[in-house]
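One structure below.
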Amino acid sequence: MAERTFSRGMIFGIVIIILMFGGLYYMLSAPTTLNGGLIEPSNTPYKDTINVTLYANALGWDYGVKGDHTNPTFNITVGTRIVFTVIEADTAPHTLTIADSPSESSTHLTLVTTSQLTQITGHSVTVSYVFDKVGTWTYWCEIHPTTMVGAINVLASANTSANANCHVSPDSAQHHSQNNNNLNSFFEFLLDISGAIIA
Amino acid sequence: MSTTDYLIEVSVTISIIFLILFYIYYKYNSAKSEMDQVAEKNNYVDTGSYFRDNFGGKTKAIGIKPFLLNDSKSIGIRYIITSIIFFFIAGTFGVIMRVSLVEPTPTLFLNRTVIYDVLTTQHGILMIYMWALGSALGFSYYLLPSFLKVKKDSMGGYSSAAYWIYLLGAIFIVLSRSSTRWYFYPPLSINLNPYNAGSFNWLAVLGMEMIFVGVVIAAVVVIKMIIMDRDDNVKIEQMPLFAWAVLFTLIMLVASAPFFMLGLAMTFYDFFNPVFFVSSSSSPLSFAEMFWIWGHPIVYIAVLPQFGLIYEIMPKFTGNKIYSYASGVLALGLLMPLSELVWGHHLLNSGFGIEWGLFFSTASFLVVIPSAITVFNYIATLWTSAKIRMTVPMLFVVNGIFDFIIGGITGVIQSNLELNEVLHGTYWVTGHFHFIFLGITTGIGFATIYMLFPSLTDGRKYNVRLAYWHFTLTAIGSFIMSMGWTVGGFYGMPRFVAGYFARFQAFQDTAILGGVIVGVAQLFFLANIFVTYSKKPSIPTNNALEDAYNLPVLENGGE
Amino acid sequence: MNQKYKVEIIWIIAVLAVLFASMGINFYVTGMKSFSIATKETPGENLNGTIIQVTGVQWSWSFEINGVKSVDNFTLIVNHTYTMVVDSLPVGTGQAVIHDLLIPQFGIQVYAVPGQNNTITFTPDKTGTFIFECVEYCGYDHYKMRGYFSVVD
């Protein structure tokens with residue numbers, strides 16, 4: 001009798017400990033990004049490689065020159081591998097997600113997840129994808145799908161190369177300088193606020 | 001395989017399953033009729049009450065047996081075991097999410113701040129529904145049959161089913177990894193993706209609905225037990241104050257739960273066809289109203305039974321009777337309608353207008369009256385006592401009263417219309433209800449568990465030194481934590497954030513210190529279980545709480 | 001019985017003393033001019049002030065004053081009456097969610113409810129830099145919906 005009760009109470013304690021850590025492990029492994037249905041073709045053969053540098057800004061994707069929010073359209077041939085270099089241009093979280101249709105359909109693949117980005121301006125991530133299907137593809141940021149969305153036209157013939165339309169606007173330069181002002185005035189406001197509240 | 005073969009296989013399988021089920025039903029039924037005869041022979045009204053009083057000793061201990069029997073004592077132990085387990089699970093979430101706030105920018109969950117939101121949501125839901133509500137139901141089921149000398153125990157089947165639905169609902173909520181906070185404000189909660197409510201928030205809504213079904217069934221069973229199954233010698237005007245507290249709590253629960261149950265059902269419809277709580281066809285705030293009609297009473301449901309338990313524990317250690325029985329019942333009774341009237345103070349700044357705000361602000365001030373009557377009743381009982389024995393349960397009680405006074409005052413302050421605009425949504429609110437939930441709900445919960453310790457563990461004494469450590473660290477840690485929040489919240493530190501302005505770091509780090517101390521304190525309780533069970537049973541399995549209504553002489557069972 | 005009455009009377013007197021003392025402190029502190037950073041008016045009245053169109057989206061605040069739009073940052077002029085009109089707009093395909101703008105030093109809090117314009121009128125009394133933040137949980141980057149604004153001469 002004593003043996004049985006001895007183990008029973010211990011089992012209760014052990015069950016509590018196991019459930020504590022099990023529950024914690026389960027919560028810590030919660031998904032932090034969406035997963036689509038598009039499979040990354042890691043072994044797909046490719047004919048050509050194009051390097052694309054994208055600046056991720058909540059107002060829109062920039063191509064090449066920082067400060068432009070036009071969400072460029074890329075025209076490539078089928079079987080081309082694009083090496084995306086995503087450079088963060090603001091402090092918001094972003095993703096680079098692609099889909100093989102003009103709309104942001106359920107079949108998509110997140111190439112750059114939020115956990116790969118640091119939300120620090122200037123940080124970059126490089127990923128690649130082989131566009132092996134003819135048609136209009138879409139790329140966008142899952143967090144800002146209305147502003148940061150653009151198209152990739154995958155063509156069957158081999159007579160076009162990557163191009164993008166860019167024009168510089170002064171809009172984003174102003175935006176960044178404001179951010180810097182925020183950081184600089186940090187100590188001033190700290191003194192001001194505490195003084196005002198205590199008074 | 002041809003279709004015919006397939007059909008034959010399926011039908012044979014189904015037949016075997018039915019045969020097994022029928023055999024189980026036959027065994028159950030014959031055992032039950034046998035037990036019915038035995039119960040009748042022993043002058044019991046039904047099998048349940050015979051089981052309750054005789055099977056496996058007068059009380060039942062922690063183990064597997066309570067999960068198989070359907071009498072009210074076993075159901076009570078089920079709820080107590082579940083609530084302790086979920087207290088530790090949710091507590092771990094709480095400590096980890098607090099530690100993640102050590103720096104102004106997220107460190108532990110860098111780029112994965114959604115984990116912080118998941119932990120916060122789970123901590124809130126599990127603590128309120130599984131720990132506060134679960135332990136209250138457990139103590140009601142366990143103590144009331146002795147307190148009221150309940151003669152019948154015929155609703156065991158319903159209670160058992162309700163318990164399993166409730167438990168399954170909680171498991172669904174844990175599995176959902178929802179991140180929408182414990183109130184499911186719809187435009188966020190129907191956006192099913194990791195950036196908003198979590199991909200499986202629909203499962204959380206389903207689980208919440210199941211918790212409600214279980215709790216409401218259990219509440220009706222306990223109300224029936226109190227009103228109809230009392231022994232003829234126990235007059236309703238002489239009922240123990242704990243029974244009054246449970247009665248008022250559960251009436252409040254049954255009266256206010258339907259609003260949120262309906263709101264959840266409408267939210268579930270909104271997952272497929274968003275019409276009820278979106279701005280295009282309705283107002284998102286309509287859900288907030290439906291939620292808070294339930295959401296304010298639930299926070300009283302979490303403290304009212306514990307008020308009743310204080311009334312039961314206190315006389316054991318002060319040696320005198322409760323100062324005023326009538327005012328105790330009056331205060332508990334007043335809290336019931338008033339708590340239903342004040343729910344609007346959760347939405348004071350949401351644009352309903354100044355008159356709405358004035359009404360609910362004034363109503364919130366009225367809640368002070370019954371709360372103050374209760375506290376003065378406690379203090380008067382302590383004051384008029386000749387000698388107070390400061391055992392661990394009594395220390396929890398005194399600390400609970402102390403914390404409730406602070407928590408209550410901070411609560412009154414924030415119901416002021418002007419101050420609410422500063423304090424709403426800040427850590428002030430968090431500090432306010434953690435004072436009360438840690439002092440009253442958790443403190444009195446553990447005080448009761450310590451009182452019931454010999455019964456729950458087959459007659460073992462708890463280790464007093466470990467229990468003192470448990471109490472001391474809980475009291476100190478919860479005070480530091482809640483004070484850090486309350487002061488920080490007054491300066492505008494927002495709740496539910498994974499990162500914060502650097503100027504709030506001192507307050508956050510204070511709260512982290514307190515939170516870790518509270519977390520460590522609960523490990524002493526866990527250690528107490530191990531230490532206790534490493535020794536053989538040495539004392540009778542009765543406890544001081546029930547003995548007051550069973551035996552004329554008080555033994556030292558609660559120590 | 002006598003003892004009981006004595007205890008009760010002592011209690012009542014002690015509690016009343018504490019209540020009146022705290023009430024006095026309250027009156028003294030809130031009555032001081034230096035305590036106030038901004039005067040606030042009853043919502044819905046006096047919409048004549050300069051309109052600040054505040055829009056909460058996931059996850060930033062945008063402020064539009066006299067046609068100039070700025071994100072997570074704005075500037076006010078001291079002793080000038082402003083009226084905030086607060087709304088919430090959706091981002092992408094999801095539904096717009098509820099936000100809550102809090103300016104703790106001004107004692108101003110307004111819910112940003114989709115499809116509903118909540119207003120509040122206030123006049124800043126002091127110059128300086130102040131903070132604002134979102135205090136209603138609104139998703140992934142809720143904690144980043146915050147920033148500083150300045151009140152200048």
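Computed from heavy atoms alone, side chains included, the values below leave out hydrogens, waters and symmetry copies. Numbers restart at 1 for each chain; the letters A, B, ... are given by sequence-line order, proteins then strands.
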Answer whether the closest heavy-atom distance between the side chains of C:Val97 and B:Tyr185 falls below 4.5 Å.
no
Determine the option with the most heavy-atom pairs under 4.5 angstrom with chain B, choosing from C:Ser88, C:Gly139, C:Gly115.
C:Gly139
For B:Ile409, check side chain to side chain contact (heavy atoms under 4.5 Å, CB included) against everything at least two apart and list the hits.
B:Ile405, B:Ile413
Measure [X] against the heavy atoms of chain C and call it side chain, backbone, both or neither at under 4.5 Å.
| X | answer |
| --- | --- |
| B:Leu348 | neither |
| B:Pro274 | side chain |
| B:Tyr116 | neither |
| B:Ser283 | side chain |

State which residues pass ring pair (Phe, Tyr, Trp, His ring centres under 6.0 Å) with B:Phe93; sequence neighbours excluded, sorted by chain then number.
none
Between the side chain of C:Gln116 and the main-chain N/O of B:Ser350, is any donor-acceptor distance below 3.5 Å?
yes
Side chain B:Glu421, main chain C:Gln109, donor-acceptor under 3.5 Å
yes
Among side-chain atoms of B:His424 and C:Tyr111, is any donor-acceptor pair under 3.5 angstrom?
yes
For the residue pair B:Asp117 / C:Tyr137, report whether a side-chain donor-acceptor contact shorter than 3.5 Å exists.
yes
Distance from C:Leu102 atom CG to B:Met493 atom CE, nearest 0.5 Å?
12.5 Å
Could B:Arg181 and C:Glu136 be called an ion pair, given the rule that one side-chain N must be under 4.0 Å from one carboxylate O?
yes
